[in-house]
Amino acid sequence: MAMIEAFCLISAILLLLYYYSASKLSYWRRLGVKGPKPLLFVGNYKDVFLGRIKTTDCITKAYHDFKDEQMVGIYNGHIPHLILRDLDLIKDVLIKDFTKFADRTIDATREVEPLSEEMFRLEPERWRPLRTKFSPLFTTGKLKEMFGKMTKCADQLDAFLEKESSRNESLEFRQLAARYTADTVGSCVFGVQVNALTQDYSEFHRMGIRALKTSFKMYLMDRLRDYPLLFKTFGPFLADDTTTEFFVRITTEGMKYRMENQNLSPDFVDVLTKIKLDPKGHGLAEVDDIFLAAQSFVFFLAGFENGSLTIAHALYELALFPEVQEKARAKIKEVLAKTNGEITYEGLKEMNYMYGVFAETLRKYPVIMWVSRTALTDYTFRGTKVTIPKGQQVFIPISTIQRDPDIYPNPDVFDPERFTDDKEKTRHPMTFIPFGDGPRNCIGLRFARNQILVALIKILSKYKIEVCEKTRLKYKIDPIHLFLCQPYDGIHLKVTKLEA
Ligand code: HEM
């Protein structure tokens, strides 16, 4: 009798679980959105959970399998994700209807990650005043002021390369470029000398590497984030206190120095100091040093990692396509000849071909492969019968769009001429969005463009970059990171100094 009761109980539980999962997984059908058939409990993420593919691969497959649809519904376990395919609808979400999508989908959870209350993850109420305060740091005037500091860092990069290239060994360019980006963000944004190119492992540089190092721990953190209860329970065991302590220390020291030296030129730390002294006057209810350090953390990491990856990816492609490298060098020399070899702010604007190299690199390797928004109200997509409820996560698949052969024929070919003015005009603006778009796009876009171009121009004008035995001829993406496009084991290239 007991056996029968136990059997009935287990069957009832299994049946309930089945109906629970099946009902969760009928969400998109009920909303009239097509998508790949999900599996009970894991949705469409079985292979992602098993570590066989990345989230982007799952998004890309759904995007291509549903070519005739404007949007595709998939499931991360039971969590429904909407992938937008239609470029006009993407424009609506990012720009036209931004107020209804002003939030991202990754929440800040301070009790697990103290530095998570940074601008990228903040809800609109606290994000808006910060964006207003930080945007003036990247005006044309400010960028011109920073330009001299950037070219100084490029001179140090040159000195570093000269020494390294004489050894006749291949160099790993991702780490090498990260020294330059640590120096540029340090001096231009924080007003500190990082010395990553002149010292072995300066503290800033070391902390940047530490915060972004891909590891199984980081993979677990990323996966747990989707399940708030699990994240709050297990996350604290995985968090990194050393990075937190470092960013809190340098931010508080920087602000203290500002308060004691009132006549310094306004910069990022200056804005943080003003917010600390009068949070209400800046539209924030209250702030503490951890909240302010979180802003330093995101600005430093974004400038350090995204720039260095892009420089390394560009050099990789230029080594694989030597004729493009030669053309780029010739165009650079033409412009530099007018300024006695000096890289100038005005000269940069004349280097259209190099802009093409920069843009084509970010087309093939958008560092952030997708961006997301959360609906702040129920929302009906223009010209459709689909209404998503408040809180629905919407994904914009940047890397998939930028590698779609219907938009960019032969997407694997590195061709900077895809970005001439004439050709750009023929494409929908949402086909090239490596910096996102709309009021919540990348705040450091123009800084990043200068930072990357200055380094590339300096390197190409003086050195030849080639593939070598250690170069992976077929790019392999690091499978661990959730949304960053990082090379699996670095970018190894040969570098030779050119005759003057
Ligand atoms: C190649 C370089 C870079 C790339 C590809 C890049 C890409 C992006 C993307 C895709 C976003 C999200 C945009 C969206 O959701 O619409 C973003 C946001 C952001 N980026 Fe960048 N970024 C780069 C460099 C930088 C630099 C140099 C800084 C600062 C010094 C920076 C700071 C930020 C911040 C603070 C946000 C959050 C903006 C907000 O929520 O208002 N990024 N970036």
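When a ligand or atom number is given, it counts from 1 through the structure's own listing order.
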(request) Show which atoms of ligand 1 fall inside a sub-4.0 Å distance from at least one heavy-atom site of D437. (result) 16 (O)
(message) Please list the nearest protein heavy atom to atom 21 (Fe) of ligand 1 with its residue and the distance rounded to 0.1 Å.
(response) C442 SG, 2.3 Å
(request) Identify the protein heavy atom lying closest to atom 4 (C) of ligand 1, giving its residue, its atom name and the separation to 0.1 Å. (result) F435 CE2, 3.4 Å
(request) Verify the distance criterion only: is there a donor paired with an acceptor across the side chains of T139 and R446 at less than 3.5 Å? (result) no
(message) What I want to find out is whether R403 reaches D412 closely enough, with some N-O distance under 4.0 Å, to be called a salt bridge.
(response) yes
(message) Among all the protein's non-hydrogen atoms, which is closest to atom 29 (C) of ligand 1, and how far away is it?
(response) F299 CD2, 3.8 Å
(message) Check this for me: does any side-chain nitrogen of one of R126 and E117 sit under 4.0 Å from a carboxylate oxygen of the other?
(response) yes
(request) State the atoms of ligand 1, each with its element, that fall below the 4.0 Å cut-off from a heavy-atom position in M119. (result) 39 (C), 40 (O), 41 (O)
(message) Within ligand 1, which atoms have a heavy atom of I452 less than 4.0 Å away?
(response) 1 (C)
(message) Is it the case that over 12 heavy atoms from other parts of the model lie below 6.0 angstrom from the NZ atom of K91?
(response) no
(request) Measure up the F247 and F297 rings against each other and bin them: parallel (under 30°), tilted (30 to 60°), perpendicular (over 60°). (result) perpendicular
(request) Considering only NZ, NE, NH1 and NH2 on the basic side and carboxylate oxygens on the acidic side, decide whether E118 and R121 come within less than 4.0 Å. (result) yes
(request) Taking only heavy atoms of G436 into account, list the atoms of ligand 1 that are under 4.0 Å away from them. (result) 10 (C), 13 (C), 14 (C), 16 (O)
(request) Please identify which atoms of ligand 1 are closer than 4.0 Å to at least one heavy atom of A448. (result) 2 (C), 24 (C)
(message) So for V185, does at least one of its heavy atoms come nearer than 4.0 angstrom to any atom of ligand 1?
(response) no
(request) Answer yes or no: is there an ion pair linking D158 with K462, defined by an N-O contact shorter than 4.0 Å? (result) yes
(request) Run the contact test for L130 against ligand 1 with a 4.0 Å cut-off on heavy atoms, strictly below, and give the result. (result) no
(request) Looking only at protein heavy atoms, identify the closest one to atom 23 (C) of ligand 1 and say how far it is in Å. (result) N306 ND2, 3.3 Å
(request) Measure R373 to ligand 1 on non-hydrogen atoms and call it side chain, backbone, both or neither using the 4.0 Å cut-off. (result) side chain
(message) Return the closest protein heavy atom for atom 12 (C) of ligand 1 as residue, atom name and distance.
(response) R104 NH2, 3.4 Å
(message) Tell me whether T310 has any N or O atom under 3.5 angstrom from an N or O of ligand 1.
(response) no
(message) Can you check which of I443, I398, I396, L445 brings a heavy atom nearest to atom 34 (C) of ligand 1?
(response) I443
(request) Quick one: sort the Y379 and F381 rings into parallel, tilted or perpendicular, breaks at 30° and 60°. (result) perpendicular
(message) Using a strict threshold of under 4.0 Å (side-chain N to carboxylate O), is an ion pair present between D288 and R110?
(response) yes
(message) With a 3.5 Å distance limit and no angle check, can you tell me whether N441 reaches the backbone of F435 through a side-chain donor-acceptor pair?
(response) no
(message) Going by side-chain contact (heavy atoms from CB on, under 4.5 Å), D404 matches just one of T400, I407, I401. Which one?
(response) I407
(request) Kindly confirm or rule out a cation-pi arrangement of R418 over Y408, judged by NZ or CZ under 6.0 Å from the six-membered ring centre and within 45° of its axis? (result) no
(message) With heavy-atom distances below 4.0 Å as the criterion, list the atoms of ligand 1 near N441.
(response) 13 (C), 16 (O), 38 (C)
(message) Angle between ring planes, F204 versus F300, binned at 30° and 60°: parallel, tilted or perpendicular?
(response) tilted
(request) Starting from atom 37 (C) of ligand 1, find the nearest protein heavy-atom neighbour and note its residue, name and distance. (result) F120 CD1, 3.5 Å
(request) Heavy-atom contacts with V371 under 4.0 Å: which atoms of ligand 1 show up? List them by number with element. (result) 10 (C), 12 (C), 14 (C), 15 (O)
(request) Looking only at protein heavy atoms, identify the closest one to atom 9 (C) of ligand 1 and say how far it is in Å. (result) I368 CD1, 3.6 Å
(message) Please compare A302, P434, P124 and report which has the shortest non-hydrogen distance to atom 32 (C) of ligand 1.
(response) A302
(request) Would you tell me which option among F483, F358, F134, W127 has the nearest heavy-atom contact to atom 39 (C) of ligand 1? (result) W127
